[in-house]
Amino acid sequence: MKHWQRQAFAATAALLATVCTFAATPMLRDPALPEALRHTRPALASEGAALQAQVDAKLRSRFEAADVSGQGSISRTQAEAAGLGFVARHFDAIDAAGHGSVSWAQVRAYIADRAAAR
């Protein structure tokens with residue numbers, strides 16, 4: 001083996017070792033991220049019906065959390081306190097009968113009516 005071939009072989013071996021070491025090194029992440037979350041994969045992006053189901057579930061859980069009395073309905077004050085701004089802003093339209101409270105079914109019906117009107 002000639003001298004230049006040995007040097008080329010050594011350079012190739014060194015490059016290969018560096019690449020293998022780099023590939024085995026875990027990627028650096030945000031140090032503020034808790035250890036428990038460092039090895040999780042991000043959720044896949046949702047769209048269409050899957051996204052609508054996620055939004056519906058989140059809104060419903062917040063609605064149920066705001067219903068502290070467990071009667072299945074919330075007042076405008078409860079909607080505001082729970083951060084349900086859409087419900088609070090459109091409360092009078094959702095509560096068309098003027099009962100002073102709205103149920104989850106009324107909220108869903110109002111959202112569906114607004115979506116159909118678009």
Side-chain angles (χ1 to χ4, degrees):
M1 189 179 257
K2 294 184 179 185
H3 178 64
W4 68 270
Q5 289 174 326
R6 279 193 295 258
Q7 286 180 333
F9 179 74
T12 303
L15 180 62
L16 183 59
T18 302
V19 169
C20 289
T21 302
F22 179 75
T25 304
M27 293 190 64
L28 299 177
R29 296 188 182 218
D30 183 1
L33 191 66
E35 181 63 33
L37 298 177
R38 290 185 184 184
H39 305 290
T40 60
R41 297 202 182 279
L44 296 175
S46 298
E47 52 188 45
L51 178 60
Q52 185 59 43
Q54 289 174 0
V55 170
D56 189 55
K58 186 173 183 177
L59 182 58
R60 180 161 188 149
S61 70
R62 290 183 66 191
F63 184 92
E64 289 173 351
D67 180 19
V68 293
S69 64
Q71 294 179 349
S73 61
I74 62 172
S75 66
R76 181 191 314 265
T77 306
Q78 289 172 317
E80 290 169 350
L84 295 170
F86 179 84
V87 176
R89 282 190 309 275
H90 300 276
F91 193 87
D92 293 329
I94 298 170
D95 183 26
H99 294 293
S101 63
V102 295
S103 67
W104 173 247
Q106 288 174 303
V107 172
R108 289 289 297 142
Y110 181 75
I111 292 171
D113 288 345
R114 281 182 52 106
R118 289 185 180 181

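Quick note: numbers below take in every heavy atom, side chains included, and nothing from hydrogens, waters or symmetry partners.
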With E80 via salt bridge (charged side-chain N to carboxylate O under 4.0 Å, His left out) - residues at least two apart: none
Interatomic spacing from CG in L84 to CD in Q78 - rounded to 0.5 Å: 10.0 Å
Pairwise side-chain contact, V107 with R60, heavy-atom cut-off 4.5 Å (strictly under): no
Sidechain-backbone polar pair: D95 side chain, V102 backbone, donor-acceptor under 3.5 Å: no
Heavy-atom check, side chain of D67 versus side chain of E64, under 4.5 Å: no
Interatomic spacing from OG in S103 to CD1 in I94 - rounded to 0.5 Å: 9.5 Å
Side-chain touch L59/I111, heavy atoms, less than 4.5 angstrom: yes
Listed partners of H90 passing ring pair (Phe, Tyr, Trp, His ring centres under 6.0 Å), at least two apart: F86, Y110
Residues that F63 engages under ring pair (Phe, Tyr, Trp, His ring centres under 6.0 Å), provided they are two or more places apart: W104
